[in-house]
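To start, the structure itself, in structure tokens.
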Protein chains: 2
Amino acid sequence: MPVPTITDVAKKAGVSLSTASDILNGKLKATPATAARVREAARELGYRPNALARRLRMRKAEAFGLVVPYRRPLFSSALLTDLLAGIQAEQQATGRNLVLAAGRYDQPGEVYGGDLVESRAVDGLIVIGTRESYGRDAGRDVRELRRLSCPVVWLHVYEGQEPVDRVARAGPDAGEEVLRHFAARGYASVGRLTNRINRAPGERPEFEPFRKRLEPLGLVSRPEWQGGGEAFDGAAFHAAMELLRRPAGERPRALLCEGDDLAVAALQAALGLGLRVPQDLALASTNNLSLSQSAAVPLTTAGAPASELGRAAVRRLMELIERPDQAPQTVEVPGGLIVRAST
Amino acid sequence: MPVPTITDVAKKAGVSLSTASDILNGKLKATPATAARVREAARELGYRPNALARRLRMRKAEAFGLVVPYRRPLFSSALLTDLLAGIQAEQQATGRNLVLAAGRYDQPGEVYGGDLVESRAVDGLIVIGTRESYGRDAGRDVRELRRLSCPVVWLHVYEGQEPVDRVARAGPDAGEEVLRHFAARGYASVGRLTNRINRAPGERPEFEPFRKRLEPLGLVSRPEWQGGGEAFDGAAFHAAMELLRRPAGERPRALLCEGDDLAVAALQAALGLGLRVPQDLALASTNNLSLSQSAAVPLTTAGAPASELGRAAVRRLMELIERPDQAPQTVEVPGGLIVRAST
DNA sequence: TTGTATGCGTTATCAA
DNA sequence: TTGATAACGCATACAA
């Protein structure tokens, strides 16, 4: 017998199948001698329950899926890295398995993880994304996944109409907090680095909405002080260079970066141009990633730590798996402004 | 019937269980009318085979595990990020599921993934690590995992005595290539930034072995030009600052960084100190990570791309799962020196 | 307290 | 070509 089953254990211990099962699962009140014999037999045989059989019988996969319908290679962003770290850490505590949803990132219309659910390989799904990665299709994606009638938690993502279980940052908008901080510090002119990826390359983010946010705080900006691009391909760095390569009066006093990885790119650019941070340029960002601590100049950042968002998503999913028929709920993770050397 | 089984499909199509199964699996030669009826019934019912039942019957998990016995939080290093990206990309092609091994990273002695294998949740394992993360326990870990008699591919890791299936870089040592490049460029004095984590904080890497490598190339160094630390917690950055904060004659002309993330940290430090790269300081690293392209100054790097190592590991594992009784083999991934602006 | 019988949803075997 | 039946390994209702 190459790999022992519970039947082998029972046989060796001289008890019946169900007795062995009960004892090994702690379902039996007391059986001093028998229990010891069964446990001993299991140990000697090196018995390990077959997870597949157990799951089939229990009608539970004891696993959850992780969906990353990103439009670029998985794991390439610093935000994802932190989210994953949190999810991984919390998952270890659950004893469940974590299955990565196989899906091509280059097909924006498709929602992944459905096959995982339909084939009963997982009990629930955590969907990672950003508002930007979905754009106007977010509602469709949500409806599609809801059709599965399986627990789904949306992570750091969706702020549309449909009620979904999701994890979000608590409190005021992180960008708002940063701007208020800028105002308090007396940084009157503010630029902005953003990463939304639905924009064409080179296309600037809309200026007017941003200006409207600055107005009540007494801050000013200019259209050419906006820049957009991802950190991973160097676009953010170049956008920052473009933005900062202006004479002292022509560039912003402070830069709001929508994402700590963008702030790191901006920091590199600033240092490369000989600007001192924060004396010549103040920098702050909105994702509260772990890398914000280890930047050349530690970064001021706002919002709940991304890894905590990941943890919260796992916890919420476990709740939903336990008691599936709950009303959709938004779990809020607290987090405020962390002031570091960059401002 | 909330979720239809193949029995439901068979019933609806008016055929037997086994007929339906055979047709849906393409095992039946030809059955023009019946086949159509069965397929139609499956479609109407929205039938999806239960992966758990299938796997139990087939005695195959149709999944593989990914073990990361790192001593710090998973996903926190740029190397891991690239490896994972490659693994993820290739895994999508296999149709198998990718299960992350639940294991605490802070217990160095333990090898993870064993429970995944023993509970038959996966058909094989990819173990990620670095030489450094194992130290002298690598041999024990290998033996422990071999006891499972299940396909295991060691990724980017192990260079010990025991024959194991592993993926490695082809060709000359990447560090060697970088040093030769330094010599060719005429950078006579060379420093070194390393990340091996088995060293106590503040402890310098051994100098003598490094000096011996430099000698035949006509390069020189000094003990105080060595620095060690991880990138993710800022230690590498500070080590680099320490190292570069010396007057022109007292610091190395070029810096070999063992990992592109260390090179980025060094780059930030150099720029922060007002050094021009490569005019004042040349930088090159050894991991060939994707981030080497997007650094403030694009980095010269050597070695096979990390993502390719990940892909190769998955491919090799699939081979081993198909035909398990092969002799251990080292898959070599080609890669050379990529010269960019930093040298 | 322990044993017997049954089913979870498949695929495989073999007879019809 | 099709269908009945037997596993796969486990957990559990129920009988003893």
Side-chain angles (χ1 to χ4, degrees), chain A residues 1-39 41-42 45-63 97 115-123, chain B residues 1-39 41-42 45-63 97 115-123:
Chain A
M1 84 193 75
V3 41
T5 74
I6 196 169
T7 311
D8 300 320
V9 174
K11 209 168 289 176
K12 183 170 179 101
V15 298
S16 84
L17 181 64
S18 59
T19 304
S21 172
D22 284 347
I23 288 174
L24 260 28
N25 289 316
K27 298 250 172 178
L28 225 44
K29 308 296 167 197
T31 345
T34 338
R37 256 204 344 276
V38 170
R39 278 185 227 286
L45 258 41
Y47 166 74
R48 293 298 309 264
N50 182 318
L52 263 28
R54 183 218 296 275
R55 289 169 189 175
L56 176 60
R57 183 60 174 81
M58 305 288 277
R59 297 166 148 278
K60 275 176 44 184
E62 290 170 353
N97 286 337
D115 48 344
L116 242 36
V117 173
E118 290 185 331
S119 66
R120 260 81 55 188
V122 300
D123 301 317
Chain B
M1 88 194 71
V3 41
T5 74
I6 196 168
T7 310
D8 300 320
V9 174
K11 210 167 290 178
K12 182 170 177 104
V15 298
S16 86
L17 183 63
S18 51
T19 304
S21 173
D22 284 350
I23 289 175
L24 260 27
N25 288 316
K27 298 250 170 177
L28 227 42
K29 306 297 167 196
T31 345
T34 338
R37 260 208 336 279
V38 169
R39 275 184 229 287
L45 259 40
Y47 166 74
R48 293 296 310 265
N50 182 319
L52 263 27
R54 183 217 297 274
R55 289 169 189 175
L56 175 61
R57 188 58 176 85
M58 306 284 279
R59 297 164 150 278
K60 274 176 42 183
E62 290 170 352
N97 287 337
D115 48 344
L116 241 37
V117 172
E118 292 185 331
S119 66
R120 261 79 56 187
V122 301
D123 301 317

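Everything numeric here is computed off the predicted structure, so don't read it as measured data. Side-chain atoms are counted along with the backbone in the values below, which use heavy atoms only and exclude waters and symmetry mates. Lettering follows sequence order; numbering is per chain, from 1.
Residues Ser21(B) and Ile6(B) come closest through the heavy atom pair CA-CD1, 3.3 Å. Nearest heavy-atom pair across Ala61(B) and Ala121(B) is CB-O, 3.2 Å. In terms of heavy-atom proximity, Pro4(A) sits nearest to Leu45(A) at CG-O, 3.4 Å. Here the closest heavy-atom approach between residue Ile23(A) and residue Arg39(A) is recorded as O-NH1, 3.6 Å. The two atoms that bring Arg120(B) and Arg48(A) nearest to each other are NH2-O, 3.0 Å, heavy atoms only. In this structure, Lys60(A) and Leu52(B) approach most closely via the heavy-atom pair O-CD2, 4.2 Å.
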### Query
Given Val38(B) and Val9(B), is the side-chain contact (heavy atoms from CB on, under 4.5 Å) satisfied, shown in steps?
CA-CA 7 Å; Val38(B) 169; Val9(B) 174; 4.2 Å; yes
### Query
Stepwise, does the side chain to side chain donor-acceptor pair (under 3.5 Å) test hold for Ser16(B) with Thr19(B)?
CA-CA 5 Å; Ser16(B) 86; Thr19(B) 304; 3.1 Å; yes
### Task
Could you please spell out the steps behind the side-chain contact (heavy atoms from CB on, under 4.5 Å) verdict for Glu62(A) and Asn97(A)?
CA-CA 6 Å; Glu62(A) 290 170 353; Asn97(A) 286 337; over 6 Å; no
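Atom CG of Asp8(A) is separated from atom P of dC10(D) by 9 Å (rounded to the nearest Å). For the pair Glu62(B) CD and dG9(C) C1', the computed distance is 14 Å after rounding to whole Å. Going from atom CG of Leu52(B) over to atom P of dA11(D) covers 13 Å, rounded to whole Å. Atoms CZ (Arg59(A)) and P (dT10(C)) sit 10 Å apart, rounded to a whole Å. The interatomic distance linking Glu118(B) (CD) with dG9(D) (P) rounds to 16 Å, in whole Å. What separates CZ of Arg48(A) from P of dC8(D) is a distance of 21 Å, to the nearest Å. Remark: C1' of dT1(C) and CD1 of Ile23(A) are 10 Å apart, rounded to the nearest angstrom. Look at CZ on Arg55(B): it is 16 Å from P on dG9(C), rounded to the nearest Å.
At dA12(C), one or more side-chain N or O atoms of Lys27(B) fall inside 4.0 Å of OP1 or OP2 (strictly under the cut-off). Dashed line: the shortest gap from a side-chain N or O of Asn50(A) to OP1 or OP2 of dC8(D) is not under 4.0 Å.
Distance from the side chain of Tyr47(B) is smallest to dT10(C) among dA11(D), dT10(C), dT11(C). Checking dC8(C), dT10(C), dA11(D) against every side-chain atom of Asn25(A), the shortest atom distance belongs to dA11(D). Checking dT10(C), dA11(D), dC10(D) against the side-chain heavy atoms of Ala53(B) singles out dT10(C) as nearest.
Mapping Ala51(A) and Ala35(B) onto DNA chain D by nearest heavy atom places Ala35(B) at the nucleotide closer to the 5' end.
Backbone-only engagement by Ile6(A) is indicated by non-hydrogen atom pairs under 4.0 Å involving sugar-phosphate atoms exclusively.
Counting only distance, with no hydrogens or angles, the side chain of Arg37(B) and the backbone of Ala35(B) share no donor-acceptor pair below 3.5 Å.
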Between protein and nucleic acid, restricted to nucleotides 14-16 of chain C and to nitrogen or oxygen atoms under 3.5 Å apart, what atom pairs and distances do you find?
none

Using a cutoff of under 3.5 Å, can you pull out all pairs of nitrogen or oxygen atoms linking the protein to nucleotides 4-6 of chain D, with atom names and distances?
unit_1 : atom_1 : unit_2   : atom_2 : d
dA4(D) : N6     : Ser18(B) : OG     : 3.0

